[in-house]
Amino acid sequence: MNKTVLVSGGAGFIGSHVTVELIEAGYEVVVADNFSNCDRTCYEGVKKITGREDLPLEVMDFCDPEAVKALFGKYHIDAVIHFAAFKAVGESVEQPLKYYRNNLDSFLNVLEAAKEHGSFVLFSSSATVYGEPDSVPVTEATPRKPATSPYGNTKTICEDILRDSVKASGGRLKGILLRYFNPIGAHPSALIGELPRGVPNNLVPFITQTAIGKRECLSIFGNDYPTPDGTCLRDYIDIVDLAKAHVYAVNRMVDGRMKQACEVFNVGTGRPVSVLELVNAFEKVNGVKLNYKFAPRRAGDVTAIWADPSLAESEMGWKATRSVEQTLQAAWAWEKHLAGK
Ligand code: UDP
């Protein structure tokens with residue numbers, strides 16, 4: 001019988017792409033979401049891409065312990081991937097309690113249920129846990145730094161919660177932490193992609209919305225950083241590549257190939273790209289002119305961070321395969337799809 005994976009936040013940007021890859025790899029998937037930060041577009045898109053009209057959807061809030069217990073009682077869940085969380089850095093600074101309450105409570109409920117039922121846990125962590133690293137690229141052994149926002153801190157705290165609970169569980173709980181770098185792009189079908197509410201915080205949705213005419217001008221935050229062209233360096237990882245990393249991680253867990261009860265992997269390309277390089281690549285590959293200007297630095301941005309992704313390759317056999325150009329083409333196709341063009 002096929003193994004079943006529960007994807008909390010499965011209707012969101014990353015969750016929907018992961019759901020597609022899991023189904024294509026032969027897993028049964030249960031999507032759970034409360035649609036607090038997305039609509040049904042991506043859930044419908046996933047059904048279309050996979051031909052799974054019967055894809056189970058549970059509309060629920062992971063902060064409700066009874067609802068989470070009931071969910072784990074209803075399905076036999078071999079592994080759970082937890083995405084259901086708030087993710088706006090700026091909002092988390094203004095409303096820390098909302099972020100700590102939501103992001104920690106939901107994860108605690110998932111862990112309690114996973115421990116009870118012997119389900120493997122995959123947690124969506126972030127390169128934000130490295131802060132401004134002393135040297136780049138960062139490996140999984142690079143020391144974490146204090147987070148610069150409550151959002152980032154919830155990632156660090158959830159990592160610790162998983163590690164501590166695994167350690168104390170006597171083998172009942174096992175999990176993998178994936179630290180994402182900068183996920184961008186969209187599914188090549190252009191049926192699912194990023195759907196930011198309001199003004200996008202992230203670079204690529206801002207670029208595509210500017211190119212389509214929804215925003216007047218892109219501000220590049222800072223061109224006086226100590227980098228080759230003065231703009232920040234990041235590791236932009238294609239969303240489909242990133243989604244596939246989850247399949248490799250779930251395979252590793254359910255096939256009994258974990259070497260430790262709690263493992264950590266960077267999910268990045270190993271390739272630093274500056275903001276200006278990304279903007280230029282977008283213009284070139286899509287044949288569009290982008291209206292942009294240089295603006296002051298944005299508070300909290302680190303100068304440069306990119307992954308050493310070699311552990312994920314040597315241990316799980318995963319590595320990123322798509323070029324920045326392919327990814328930016330997919331992001332543009334998605335924006336045009338949304339605009340009905
Ligand atoms: N950025 C920018 N203009 C924007 C949004 C982002 O210049 O409108 C820059 C930001 O300063 C950073 C990079 O793009 O250097 C990536 O930012 P994003 O918010 O996408 O991800 P982060 O690395 O902050 O998680």
Side-chain angles (χ1 to χ4, degrees), residues 12-14 37 83 85-93 99 103 124-133 136-138 144-145 147-156 178-186 193-239 242 266-283 290-307 324 327-328 331 334-335:
F13 174 45
I14 302 181
N37 195 34
F83 294 114
F86 294 148
K87 59 174 185 179
V89 176
E91 187 187 51
S92 81
V93 175
Y99 273 68
N103 293 6
S124 56
S125 190
S126 165
T128 187
V129 302
Y130 296 116
E132 176 96 58
V136 275
V138 292
R144 296 183 314 179
K145 291 262 182 88
T148 53
S149 72
Y151 160 77
N153 208 20
T154 65
K155 293 295 179 194
T156 307
L178 294 183
R179 291 180 180 154
Y180 312 146
F181 284 68
N182 288 57
I184 62 166
E194 210 165 351
L195 267 177
R197 288 213 167 143
V199 182
N201 292 310
N202 295 115
L203 179 59
V204 169
F206 209 106
I207 289 177
T208 56
Q209 289 196 5
T210 306
I212 206 92
K214 266 171 106 173
R215 311 275 154 214
E216 208 173 301
C217 182
L218 167 75
S219 292
I220 294 182
F221 299 136
N223 62 345
D224 58 350
Y225 284 98
T227 60
D229 66 19
T231 66
C232 294
L233 295 169
R234 293 288 182 278
D235 185 334
Y236 296 95
I237 166 89
D238 183 274
I239 186 66
L242 178 116
N266 284 341
V267 182
T269 66
R271 169 188 66 201
V273 174
S274 77
V275 176
L276 205 49
E277 283 172 332
L278 198 81
V279 166
N280 292 337
F282 181 86
E283 290 187 318
L290 203 64
N291 192 20
Y292 70 84
K293 63 173 188 224
F294 292 110
R297 293 182 178 192
R298 180 172 73 176
D301 275 342
V302 304
T303 303
I305 183 162
W306 66 94
V324 166
T327 307
L328 292 173
W334 165 244
E335 190 68 60

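Counting convention: from 1, in listed order, for ligands and their atoms alike. Atom set for the values below is all heavy atoms of this structure, side chains included, hydrogens, waters and symmetry mates excluded.
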In this structure, atom 12 (C) of ligand 1 is nearest to the protein heavy atom R234 NH2, 3.8 Å
Here the atoms of ligand 1 under 4.0 Å from any heavy atom belonging to V275 are 7 (O), 9 (C), 13 (C), 14 (O), 15 (O)
for atom 1 (N) of ligand 1, nearest protein heavy atom and its distance come out as F221 CD1, 3.7 Å
Atoms of ligand 1 under 4.0 Å from any heavy atom of I220, numbered from 1 in the order shown, are 7 (O)
shortest atom 5 (C) of ligand 1-to-protein heavy-atom contact is with N201 O, 3.5 Å
All heavy atoms of F13 vs all of G193, minimum pair found to be CD1-C, 3.6 Å
the protein heavy atom lying closest to atom 22 (P) of ligand 1 turns out to be N182 ND2, 3.6 Å
Numbered in order shown, the ligand 1 atoms found under 4.0 Å of a heavy atom of C232 are 15 (O)
With distance as the sole test, does Y130 use its side chain to make a donor-acceptor pair with the main-chain N or O of W306 at under 3.5 Å? no
shortest atom 19 (O) of ligand 1-to-protein heavy-atom contact is with R298 NH2, 2.8 Å
(message) Could you check whether any side-chain N or O of K155 sits under 3.5 Å from a backbone N or O of V129, counting only pairs where one atom can act as donor and the other as acceptor?
(response) no
Closest to atom 20 (O) of ligand 1 among protein heavy atoms sits L203 N, 2.9 Å
(Q) Looking at L276, is its backbone amide N or carbonyl O close enough to the side chain of T231 to form a donor-acceptor pair, meaning the two atoms are under 3.5 Å apart? (A) yes
When I207, V275, T210, I220 are each screened for side chain to side chain contact (heavy atoms under 4.5 Å, CB included) with Y292, the one that passes is I220
Handout entry: Min heavy-atom dist Y236 to ligand 1 below 4.0 Å
Key = yes
for atom 18 (P) of ligand 1, nearest protein heavy atom and its distance come out as N202 ND2, 3.5 Å
Closest heavy-atom pair, A211 versus F282, reported as atoms and distance to 0.1 Å, is CB-CE2, 3.7 Å
Within the 4.0 Å heavy-atom cut-off, what T128 brings close to ligand 1 is neither
| message | Considering both backbone and side-chain atoms of F206, is one of its nitrogen or oxygen atoms within less than 3.5 Å of a nitrogen or oxygen in ligand 1? | response | no
Query - side-chain contact (heavy atoms from CB on, under 4.5 Å) assessment of E194 paired with I184 - result: CA-CA 8 Å; E194 210 165 351; I184 62 166; 5.7 Å; no
Practice task
Give a yes or no answer on whether the side chain of R271 reaches the backbone of Y236 with a donor-acceptor pair at less than 3.5 Å.
Solution key: yes
Testing the 3.5 Å rule here: is there a donor-acceptor pair between the side chains of Y151 and E91? no
among protein heavy atoms, the one nearest atom 3 (N) of ligand 1 is S219 O, 2.7 Å
